Structure formats: C-alpha cells, structure tokens
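Everything below concerns the one structure shown next.
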Number of protein chains: 2
Amino acid sequence: MSEISRNGSGGGGQPGRIGIGLELDDIHMKILEVLRENGRISVAALAERVGISRANAYTRFEALRADGAIKRFTAEIDHVRAGLGITALIFVTVRQQMWKQFRAELARMPEVEYCAITTGQHDAMIQVRVADVAAVHTMVTDRLANIPAVKATETVFILDEVLKRPYVLPSDRDRAHRAARRPTQETQGDVPLGKMRFVGAAEGRNALRKDD
Amino acid sequence: MSEISRNGSGGGGQPGRIGIGLELDDIHMKILEVLRENGRISVAALAERVGISRANAYTRFEALRADGAIKRFTAEIDHVRAGLGITALIFVTVRQQMWKQFRAELARMPEVEYCAITTGQHDAMIQVRVADVAAVHTMVTDRLANIPAVKATETVFILDEVLKRPYVLPSDRDRAHRAARRPTQETQGDVPLGKMRFVGAAEGRNALRKDD
DNA sequence: GTTGAAATTAGTACGAA
DNA sequence: TTCGTACTAATTTCAAC
C-alpha cells in the first residue's frame, strides 16, 4: 500500500530518496487544501467543494491516504487549555555516533512535540510543551542532560506563536504570488545582503545522520 | 484563520487573559487524546472508545469545540509529496517597534508554516517549506530582507524531522512517567549543569510584544 | 469519471434514571 | 449530568451508465 511513503518526511523515513507514488494533479491539491483546513469534512461535501463527483472524491481520498500524501488526520488542541502553558525550544548539540541513542531517548519524552535535525550551530531542535517554567528546567537538567548523546543544550522560550498553518502547500504560493506581488518589490534588485547569514552544517553532521 | 492569539490559545480569545471556560476532566482529556490521533473518527466510535454514551460524546465534543480546547481539525500532509521538499528555519531579529509590520508581512508569505516569538539571541523563528534550496535563498534575500522590520536573519536547514506529535497533552506525561521512570535517573541528582545554557530575552523584547 | 438508488451510519431530540 | 431510545437527515456504498 504505502511502501514508498517513507521519504524525507516523518518518523523513520529514508532521507534523501523520494518515491514517485501518486502523480498529484490540481484536483488532488485542491483536496489537500480543503482537508487541511477541515479535516472532518465529509467526502460528499469535499467532492462538491472541489467540483468532482462523490465516487471520484472517494477514490482520490483513498489514494491520497494510501499513498501517504495524507499522513493522518488530527485535532489541533489548545495546549494552554489542556494545561501546558509553556512552550520552549531546546537546541541540542549531539555527540557524534550517538544519534541513535538520542532518538531513542526522545521517544521516551512525551513533552516533546517536535524534533528536527538541523544544519548550523546546533544539531537538533526540539520543541517541548510543559505546564510551567520549572518543568522546562527539570526537563533540560534531569532528562536531557543525563543523555550521554547530548553534549550541550541551549533553551529559549516561546513567548507567542504568531502563526501556525496546517501544512503549507505549493498552491498557497501560487495563489499568493498572483495576489500579493507588488511592483516595487518585484523590480527591487538591490537587497541588503549584509544583514543576513546562512549557517552551514556543523562538523560531522552528515556522519551523524547515517548511524540510525 | 491561521493567526493564533497572543497567549497561544484559540482564535477569539482575550489576549493575555486565559478564560476558564470548561473544566476539563479525565474524559475530556481522553477525548482529546483520541481525536488528536484520529481526527476523523465518528462521534459514535469516539463514545465507545472513551466509554461514554453517544449523547454524552456529542455534548462533550461540541463543548470542547465551542470552548476552543479543540482549535480545528486538519489533515497532516506530506510536504515532500506535495512538492515542498525543503524545510528551513529562519531566525529573525526584528527592529523594535516594527513588530506589527513584521506580522503583516508574514501573513503575505504562504511558505511560512510556523512563526514564534522567542527569547534568546533572536526575536522570532519562522519555519518555511519550499520546493528547493534556491527558494529559501529567494525567500530570505528578496522577501525577508526587504522588510524594514527585519534587522537580521540566520537560516538553518532541516535535514530530517525526527518526530512530530499531534499536540502534546498532560496525560502523555503522566502515562510516560508511570512507564518509563528508571531508578538510576530518578535518584541521580548530580547533573552536569555545565553543559547546558538558558538564554534570556534580548533587549527590549517585552516592548516588542506590546506594539501590535 | 459520473449519476442515482439502497444500505448504513451519523446527528438530533427527548424522556427517564 | 448522563444514558437510552426513537426519529430524521446525511453519508457511504454499489450499481449501471
């Protein structure tokens, strides 16, 4: 069903290889657009919104699911209401060749909502949601610091989440480019390059990614 | 729609103030747990899984939705399949008193999936999904650099997303603590504090949050 | 890929515990 | 509040086109 669904994205994907799977056409994209905004819409209503028949909608819906283009449906929960008012980012420097262990420990930490391996100064960024600031401290000092794979951490707090979109799609960009391009910006070629900076991968990063 | 209110909670909330709204009991939490893993489950099936009647499930479901504890239902889409194979984090230093403008510009950038205001060296972190690395460069140099509010940026690439949980809940922590606590870690008080570092808010950060 | 019917299931209303 | 049931509306499935 979805052997090809394990590339660069979620959980244990094979980084670097992209399976072709489904060829997604405009209607597929439109379906994804609708579903990402309303994950509980009925397939019948979905069919109407994208302008296809019910049967077609069911076929495509199942295909997207089976192919892995739709990974899952989920409810976005207000973490503050749920009792987790504090969000923090912890940037982690991982000791070489211990990446596998780091991952295993991560799985044991339910307060971790997100973890990504990054280029730059640090090796990974994890996002945690906890009840109070004390819990962040506990988390970092008691849990993370005890992992041998963790060489160093740097913690910042999230003061506000300005925006969170339910997965970006290429169609968003197309739509926005048509609507929001302003001539002054389009023609303006003289960009103050001096004020930005790209940060490359740290030493041995590629090696790190292979040992899991 | 994708704007999140200032205290991190639901859409129309009073910024800074957290309404008490619903008192969430164990059953509410269990409902959230199920819904976060399967956002398309029928209310009937939900009722059975949490062990309440259908009528009760409908009542609670609606209450959670109305209260804002459930913000929305969404489909998680494989961005690689959707044609956005590159994910990057851009750390932005924002000029004081120009936060409002920065937010407005953000809304015009569909490739931005997430933006949070943080403590630490930078003021904000944005996560973007684009088709290729060139698009990141374009995004940073053409779009971000042209915003007067942006003083400086620092970009890192995400090589792999190790884990992404559909919103953390307090119940996860409880469950994990029961299952995964190992005596060696619980009693181990001597933590190598030297290897971690907390980063406080940059100058004038609090002022920044007020001017929007 | 579409339409239209049957079977199933979802959502609502209301009385009783 | 919660449950159970009956009722109504909608969805999904399956057929033929």
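Keep in mind that this is a model prediction, so the values were computed, not measured. Basis for what follows: all heavy atoms, side chains included, without hydrogens, waters or symmetry-related copies. A note on names: the letters A, B, ... follow the listed sequences, proteins ahead of strands, and every chain is numbered from 1.
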- Item | Those residues that, when tested against A/Phe198, pass ring pair (Phe, Tyr, Trp, His ring centres under 6.0 Å) (two or more places apart) | B/His137

- Identify the 5'-most and 3'-most nucleotides of DNA chain D with at least one atom closer than 4.0 Å to a non-hydrogen atom of chain A. D/dT11 to D/dT13

- Task: Could you name each residue pair satisfying side chain to side chain donor-acceptor pair (under 3.5 Å) that touches residues 39-48 of chain A, not counting sequence neighbours?
- Result: none

- Message: Tell me whether the count of non-hydrogen atoms from other residues, nucleotides or ligands lying under 6.0 Å of CZ in A/Arg72 goes above 12.
- Response: yes

- Query: Toward the 5' end of DNA chain C, which comes first, A/Arg40 or A/Asp25, by nearest nucleotide?
  - Reply: A/Asp25

- Sub-3.5 Å donor-acceptor pair from the side chain of B/Asp123 to the main-chain atoms of B/Val94, do we have one? yes

- Query: In chain order, what residues pass the side-chain hydrogen bond (donor to acceptor under 3.5 Å, both in side chains) check against B/Thr87, with sequence neighbours excluded?
  - Reply: B/Arg129

- Query: Under 3.5 Å, is there a donor-acceptor pair between the side chain of B/Thr119 and the main chain of A/Phe157?
  - Reply: yes

- Looking at five pairs on each end of the helix from C/dG1-D/dC17 to C/dA17-D/dT1, what is the angle between the two axes, given to 10 degrees? 30°

- Are any of the side-chain nitrogens in A/Glu154 or B/Arg197 under 4.0 Å away from the carboxylate oxygens of its partner? yes

- Note on the structure: Sorted by chain and number, sequence neighbours left out, side-chain hydrogen bond (donor to acceptor under 3.5 Å, both in side chains) with A/Tyr114 holds for B/Gln127, B/Glu161

- Mind checking ring pair (Phe, Tyr, Trp, His ring centres under 6.0 Å) for A/Phe73 and listing every partner two or more places apart, or none if nothing turns up? A/Phe61

- Give, ordered by number, those residues of residues 44-61 of chain B having at least one heavy-atom distance below 4.0 Å to an atom of DNA chain C; if nothing qualifies, reply none. B/Ala44, B/Arg54, B/Tyr58

- Task: Identify, with sequence neighbours excluded, every residue that meets ring pair (Phe, Tyr, Trp, His ring centres under 6.0 Å) alongside A/Tyr58.
- Result: none

- Anything under 4.0 Å to a heavy atom of chain A counts; send over the first and last such nucleotide of DNA chain C, read 5' to 3'. C/dG1 to C/dG4

- A/Glu33: partners by side-chain hydrogen bond (donor to acceptor under 3.5 Å, both in side chains), with sequence neighbours left out: A/Ser171, A/Arg175

- Note on the structure: Sorted by chain and number, sequence neighbours left out, side-chain hydrogen bond (donor to acceptor under 3.5 Å, both in side chains) with A/Arg60 holds for A/Asp25, A/His28, A/Asn56

